[in-house]
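When reading the values below, keep in mind they use all heavy atoms of this one structure, side chains included, and skip hydrogens, waters and symmetry mates.
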Amino acid sequence: MTHIEMLRRRSEILKRNIGSMILKDNKRGLSGQENLFYQDMVKKWHQNEFEIHAMSKKE
C-alpha cells in the first residue's frame, strides 16, 4: 500500500466516523468529551485531505 493509498483510506475512515458522530449529535447531543473527540477528528480529516491534495499535485 502506497502512502497516498493509506491517506485515502484514513480519509474514508475519518469521514465515516465523523458521520456517525453527526448522527449521534442530531439524535441526543454529544457530551463534552465526545465533542472534543469530534472536533479532533474533523481537524485530522482536514490535515489528511490537505496532505492528499499536496501529494497529488507532486505526481
Side-chain angles (χ1 to χ4, degrees):
M1 179 179 273
T2 66
H3 184 66
I4 195 142
E5 289 172 338
M6 183 197 65
L7 290 173
R8 287 185 178 136
R9 178 68 180 135
R10 183 176 185 194
S11 182
E12 291 174 19
I13 292 168
L14 285 167
K15 282 194 288 188
R16 186 173 52 235
N17 289 340
I18 289 168
S20 297
M21 293 294 281
I22 289 170
L23 289 174
K24 186 175 183 181
D25 187 29
N26 288 340
K27 287 182 182 177
R28 61 181 173 90
L30 297 175
S31 69
Q33 185 177 12
E34 289 171 328
N35 190 40
L36 291 174
F37 183 63
Y38 167 74
Q39 290 175 5
D40 188 51
M41 279 195 298
V42 171
K43 180 180 175 183
K44 286 179 183 178
W45 179 75
H46 279 286
Q47 290 171 341
N48 197 56
E49 288 295 311
F50 178 79
E51 194 171 342
I52 289 171
H53 181 69
M55 291 198 61
S56 295
K57 287 180 94 174
K58 287 181 183 179
E59 294 178 355

Problem - E5 CD: over 12 foreign heavy atoms closer than 6.0 Å - result: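 Yes, enclosed.
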What is the distance from atom [atom1] of [X] to atom [atom2] of [Y], rounded to the nearest 0.5 Å?
X: D25; Y: I22; atom1: CG; atom2: CD1; value: 8.0 Å
X: L36; Y: L30; atom1: CG; atom2: CG; value: 10.0 Å
X: H46; Y: S11; atom1: NE2; atom2: OG; value: 10.5 Å
X: Q39; Y: M21; atom1: CD; atom2: CE; value: 10.0 Å

Problem - Contact check, side chains of I13 and R10, non-hydrogen atoms, under 4.5 Å - result: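 Sidechains of R10 and I13: no contact.
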Exercise for the section: List the atom of M55, the atom of L7, and the distance in Å for their closest heavy-atom pair. Expected result: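 Smallest heavy-atom distance, with atoms named: SD-CD1, 3.8 Å.
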Problem - With E51 via side-chain hydrogen bond (donor to acceptor under 3.5 Å, both in side chains) - residues at least two apart - result: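 With neighbours one apart ignored, the set is H3.
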Problem - salt bridge (charged side-chain N to carboxylate O under 4.0 Å, His left out) partners of residues 31-50, not counting sequence neighbours, each pair once - result: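 Checked against salt bridge (charged side-chain N to carboxylate O under 4.0 Å, His left out) - neighbours excluded - the pairs reaching residues 31-50 are K24-E34, D40-K44.
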Exercise for the section: Check the hydrophobic clustering (I, L, V, M, F, W, Y; side-chain heavy atoms under 4.5 Å; chains of links allowed) and say if W45 and I52 are grouped together. Expected result: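 Hydrophobic grouping puts W45 apart from I52.
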Handout entry: Short N-O contact, E12 and K15, less than 4.0 angstrom
Key =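 The answer is no: the pair does not qualify as a salt bridge.
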